[in-house]
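Worksheet: the structure to be examined is printed underneath.
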Amino acid sequence: MTLPEKPLLKPFLLLLSLSFLLLLLPFLSHSYRRSSLPSAAATAGGAANPLLRIRPGHKSYDDYIKHQLNKTLNPRLRRVWATRDWDRKVLVFARFFSDLKSQGLLSNTSRALCIGARLGQEVAALRRVGVADSVGMDLVPAPPLVVAGDFHSQPFPNASFDFEFSNVFDHALYPDRFAAEIERTLRPSGVAVLHVALHRRGDKYSANDLFGVDGVVDLFKQSDLVRVSKVDGFGLDTEVVLRRNKRQRLS
């Protein structure tokens, strides 16, 4: 009996390569969008604002992204986020969102986005309080709660959401773009809620330092300030609530 040669090896390797390429496509598309951003040596939209300082040290935008991914992909941190941190954070976020619902700033019919959502605790909290149409966005997707996306260039059409929440403003290398993308993807009269730190500096992954609430509010050119209040949100101390102007100016 003649033993067959190895006819399946090459097709198997080809299929494996194609599968790997398909997995990379979302990241390649985001990298393409990021290539249109200015270099990290630029002023980053905060140089003229004395209340907002961009941290130096990134040689390029890709260098900045790689630095952020060091935290996002850290296996130890991801285990913590998925296990002992999960229930605690979902409960705290649910309390924040319940308060916003009681104030008429969020409803069960809102389409909601959580920016920089990691594994999706914020999204789970929104769904727990009844906001079913909720999704998270981060550099690395975490299905089914979080899709891949860069907050400097959100992968969503104009006027997609009624409500956007983020507690990662300090990670924005280009805070003006961060704010502009929120305004672009918010519907008229939509609400943006940011948790920021005014009384302490961020960690080594922070890309900017905020020294006053106007440092972030002034970036939102098409929104009105609703309120500023104290909050205890995992090291962040201030909640900023803004409402998108009724007239949608599309870029």
Parallel, tilted or perpendicular: ring planes of H67 versus H58, cut at 30 and 60 degrees: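 Correct class here is tilted.
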
Could you tell me if the side chain of [Y] sits less than 4.5 Å from the side chain of [X], heavy atoms only?
X    : Y    : answer
I54  : L173 : yes
L242 : V226 : no
F211 : R201 : yes
S160 : R111 : yes
F151 : R177 : no
F178 : S166 : yes
F234 : V92  : yes
N167 : L194 : no

R227: partners by salt bridge (Lys or Arg N to Asp or Glu O under 4.0 Å), with sequence neighbours left out: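 With sequence neighbours excluded, R227 shows a salt bridge (Lys or Arg N to Asp or Glu O under 4.0 Å) to E239, given in chain and number order.
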
Check against side chain to side chain donor-acceptor pair (under 3.5 Å), N208 and Y174: CA-CA 9 Å; N208 69 70; Y174 300 103; over 6 Å; no

Ignoring hydrogens, what is the shortest heavy-atom contact between [X] and [Y]? Give both atom names and the distance.
X    : Y    : result
S134 : V123 : O-CG1, 3.7 Å
P143 : P141 : CD-C, 3.6 Å
G116 : E122 : O-OE2, 4.0 Å
L52  : G215 : CD2-O, 3.8 Å
G235 : A197 : O-CB, 4.1 Å
V90  : A125 : O-CB, 3.5 Å

Residue pair F161, V135: steps toward the side chain to side chain contact (heavy atoms under 4.5 Å, CB included) verdict: CA-CA 10 Å; F161 299 100; V135 68; 4.1 Å; yes

Hey, does the side chain of [X] reach the backbone of [Y] with a donor-acceptor pair shorter than 3.5 angstrom?
X    : Y    : result
Q222 : E183 : no
E181 : Q154 : yes
S110 : A112 : no
R184 : F156 : yes

D162: side-chain hydrogen bond (donor to acceptor under 3.5 Å, both in side chains) partners, not counting sequence neighbours: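 Partners of D162 under the side-chain hydrogen bond (donor to acceptor under 3.5 Å, both in side chains) test: R187.
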
Could I get the full list of side-chain contact (heavy atoms from CB on, under 4.5 Å) partners for [X], not counting sequence neighbours?
X    : answer
V146 : A117, D138, A142
T238 : V196, L198, V228, V240
V129 : A94, F97, S98, K101, V131
D85  : V80, W81, R88, K89

Working to the nearest 0.5 angstrom, can you tell me the gap between [X] [atom1] and [Y] [atom2]?
X    : Y    : atom1 : atom2 : answer
F169 : I115 : CZ    : CD1   : 11.5 Å
T72  : L77  : OG1   : CG    : 9.0 Å
N70  : I65  : CG    : CD1   : 11.5 Å
L105 : D99  : CG    : CG    : 10.5 Å
D214 : N49  : CG    : CG    : 8.0 Å
F93  : L91  : CZ    : CG    : 11.5 Å

F165 ring center within less than 6.0 Å of H195 ring center: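 When the ring centroids of H195 and F165 are compared, they turn out to be within the sub-6.0 Å range.
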
With a 4.5 Å cut-off on side-chain heavy-atom distances among I, L, V, M, F, W and Y, is there a chain of contacts connecting [X] to [Y]?
X    : Y    : value
I182 : V213 : yes
L106 : V191 : yes
Y64  : M137 : yes
V241 : L210 : no
L225 : V216 : yes

Neighbour count >12 (heavy atoms, 6.0 Å) for atom CG, D232: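 Check fails, neighbour count at 12 or below.
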
Derivation of the ring pair (Phe, Tyr, Trp, His ring centres under 6.0 Å) call for H152 and Y61: CA-CA 11 Å; H152 292 112; Y61 194 70; 5.5 Å; yes

Audit row: K71, D203, side chain to side chain contact (heavy atoms under 4.5 Å, CB included) steps and yes/no: CA-CA 11 Å; K71 182 175 185 178; D203 62 18; 3.0 Å; yes

Side chain to side chain contact (heavy atoms under 4.5 Å, CB included) between E164 and V193, intermediate numbers included: CA-CA 6 Å; E164 298 193 27; V193 176; over 6 Å; no

Lys/Arg-Asp/Glu bridge criterion (N-O < 4.0 Å) met for R200, D237: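 Not counted as a salt bridge, because no side-chain N and carboxylate O are separated by less than 4.0 Å.
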
Charged N-O contact under 4.0 Å between D224 and R244: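 Between R244 and D224 there is no salt bridge, as every charged N stays at least 4.0 Å from the carboxylate O atoms.
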
Test side chain to side chain donor-acceptor pair (under 3.5 Å) applied to H171 and Q68, step by step: CA-CA 8 Å; H171 286 210; Q68 295 299 318; 3.0 Å; yes

From CA spacing to verdict: side chain to side chain contact (heavy atoms under 4.5 Å, CB included), V140, L73: CA-CA 8 Å; V140 177; L73 293 175; 3.5 Å; yes

